[in-house]
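Starting off with a structure, shown below.
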Amino acid sequence: MEQIQHASLVCASCLKECDHEVTYAGRLVAAFKCSNCGTQVNIQVADDYFPDVGRRLASKPRRMMRRFRKHPLGYTLSLPRAVATKPREVLGEVRLAIASRQPAEYEGDSSPPLDRSIESPAPPGCEQ
Ligand SMILES: [Zn+2]
């Protein structure tokens, strides 16, 4: 299952700083959703997600041992729940990463955000 957190960000569509729902696929930001206007920006994370999963899996035994050494009882007691929920969590991440392979998607109540890079004048000395 993907992880959802909240952050105060400036929306590219309504230009207001407000709470955004930030969806993670593992350690990667996969989407932002503005709580003010509902604009959602999905980010293509598949190309980075799958190599990251490999690194996470490779380092998992070391991270498990480190957590066990710090909190042997707490970690041992948390294992049954982790074993039961982790596969579902990773499956949700994989689904999100695969879904992100679709072309960039915009969902919102108003017009899509403008491409601000087009509006920005070239910095001095960069004209060609
Ligand atoms: Zn907004």
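Remember, it's 1-based here, ligands and their atoms both numbered in the order they're listed. Computed over heavy atoms, backbone and side chain alike; hydrogens, waters and symmetry mates excluded.
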Can you list the other members of the hydrophobic cluster that holds L77, where links are side-chain heavy atoms under 4.5 angstrom apart?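 Its cluster partners, ordered by chain and number, are L73.
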Please tell me whether L57 and Y24 are part of a single hydrophobic cluster in this structure, the criterion being side-chain heavy atoms less than 4.5 Å apart.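 Yes, L57 and Y24 fall within the same hydrophobic cluster.
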Side-chain cluster (under 4.5 Å, hydrophobic types only) that M64 belongs to, other residues: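 Other cluster members: F68, Y75, L79.
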Taking 2.8 Å as the upper limit, name the protein N, O or S atoms near the Zn ion (ligand 1).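 The answer, once waters are left aside, is C11 SG, C14 SG, C34 SG, C37 SG.
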Residues forming a side-chain hydrogen bond (donor to acceptor under 3.5 Å, both in side chains) with R56, sequence neighbours excluded: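 Listed in chain order: E93.
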Where the side chain of E89 meets the backbone of L91, is there a donor-acceptor pair that is under 3.5 Å apart?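 A pair under 3.5 Å: no.
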Do R27 and D52 have side chains that approach each other closer than 4.5 Å (heavy atoms only, starting at C-beta)?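 Yes, their side chains come closer than 4.5 Å.
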